[in-house]
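Before any comments, here is the structure.
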Protein chains: 2
Amino acid sequence: MKTVRNTRQRNAILKNIREAEGPLSVAEIHERAGREIPGLGIATVYRAIKALREDEEIVVVELPGEEPRYEPVGRGHHHHFRCLSCRQTFDLDMCPVGIPQGTTLPGGYVVEDHSLTLYGRCSDCLN
Amino acid sequence: MKTVRNTRQRNAILKNIREAEGPLSVAEIHERAGREIPGLGIATVYRAIKALREDEEIVVVELPGEEPRYEPVGRGHHHHFRCLSCRQTFDLDMCPVGIPQGTTLPGGYVVEDHSLTLYGRCSDCLN
DNA sequence: GTAGATGCAAACGCTTTGCCGCTTA
DNA sequence: TAAGCGGCAAAGCGTTTGCATCTAC
């Protein structure tokens, strides 16, 4: 039986993912957690992410053309907004896609799920 | 002045992208064009894609969590359907996203563009 | 004949793995 | 004190680049 241990590294990694305003990339996690744990290895970040996903503490968020990002589980069905200026990714809690599960589209495609990313400027970058 | 040449390799690559039912990945392009040009190098495919993008013959299509794919220019604003069974990607000509350019969302995000991918089963895989 | 294209192999950048000393329980 | 964990460095893997050869024009 495999026991999961509480280490400074994993605590810092999970804490940073939880406190972020949106999903974080591996590099962002490494950078943020590395401020608390100097010398934190990148391999440790990858291994912690893998373990946290298996424990269902975090989920992967895939955006078009970008590295995988990670956020805590339980945020429910939501989409993301990507600022074209500062390149930050934010969570949105609305869903403007009018296609219920089970809809059949022209061409015979039966829809089960969807992924939407909006692009533009966040309020900080508009000024 | 740089002249673009007509070579068997590039012709085969562009032809296969044009004749596909949806956007193709590098591996798919290499595999299909390689049937016409045995020994076709993967570097040639990458370089042809780069040149075709610069000539605006093709555009890149990014889907969440997948390799970049390529399709001919001029297909206009559209989205993609990804079959969860056969893993093929198809073009859709409808847009069920009710957010015009310039809309400001709660949180102060101003939307300029969006990317939508639908997931489900294509008609071939439903039977 | 020459600039541009190709194929091969080496170089790259990011992710994963092996090894071994360190730490948590 | 032992199983799990962390750091380092090497291995993988897809993409890009350098180089010598070949080819379209």
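Per chain, numbering begins at 1; letters A, B, ... match sequence-line order. What you are looking at is a predicted structure, and each value in this text was computed from that prediction instead of being measured.
No engagement by B/Ile42 is indicated, since no non-hydrogen atom pair under 4.0 Å with the nucleic acid exists. Within the nucleic acid shown, A/Arg10 comes within 4.0 Å of sugar-phosphate atoms alone, with no base atom in reach, counting heavy atoms only.
Remark: A/Gln9 is in phosphate contact with D/dG7, judged by side-chain N or O atoms under 4.0 Å from OP1 or OP2.
A distance of 5.0 Å separates OG in B/Ser25 from CZ in B/Arg69, rounded to the nearest 0.5 Å.
Distance A/Ile49 CD1 to D/dC5 P: 15 Å, rounded to the nearest Å. Spacing between atom NE2 of A/His30 and atom C1' of D/dC8 amounts to 12 Å, rounded to whole angstrom units. As rounded to whole Å, 10 Å separates atom C1' of D/dC19 from atom CZ of B/Arg47. For A/Asn11 and C/dT24, the CG to P distance is 10 Å, given to the nearest whole Å.
No more than 12 heavy atoms of other residues, nucleotides or ligands sit less than 6.0 Å from atom NZ of A/Lys50.
Between the side chains of A/Asp124 and A/Gln88, not a single donor N or O lies within less than 3.5 Å of an accepting N or O.
Nearest approach of A/Glu62 to B/Pro64, heavy atoms of both residues: O-CB, 3.4 Å. Between B/Ala20 and B/Arg75, the shortest heavy-atom distance links the atoms O-NH2, 3.8 Å.
Salt bridge A/Glu21/A/Arg32: present, at least one basic N to carboxylate O contact under 4.0 Å. Ion pairing of B/Glu36 with B/Arg8 is absent here, as no side-chain N (NZ or NE/NH1/NH2) approaches a carboxylate O to less than 4.0 Å.
Residues B/Leu52 and B/Ile37 share a single hydrophobic cluster, defined by chaining ILVMFWY side chains whose heavy atoms lie under 4.5 Å apart.
A heavy atom closer than 4.0 Å to some atom of DNA chain C occurs in no member of residues 52-66 of chain A.
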Original post:
Going 5' to 3' along nucleotides 20-25 of chain D, which nucleotides have protein heavy atoms under 4.0 Å from the base (write B), which only from the sugar-phosphate (write S), and which from neither (write -)?
Top reply: ---BBS
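Heavy-atom distances to DNA chain D give each of A/Pro38 and B/Val26 a nearest nucleotide, and the one nearer the 5′ end belongs to A/Pro38. Looking at which nucleotide of DNA chain C each of B/Ile37 and A/Ala43 is closest to, the 5′-most match is held by B/Ile37.
Ring geometry for A/His114 against A/His77 counts as perpendicular: the plane angle is over 60°, on a 0 to 90° scale with 30° as the lower cut.
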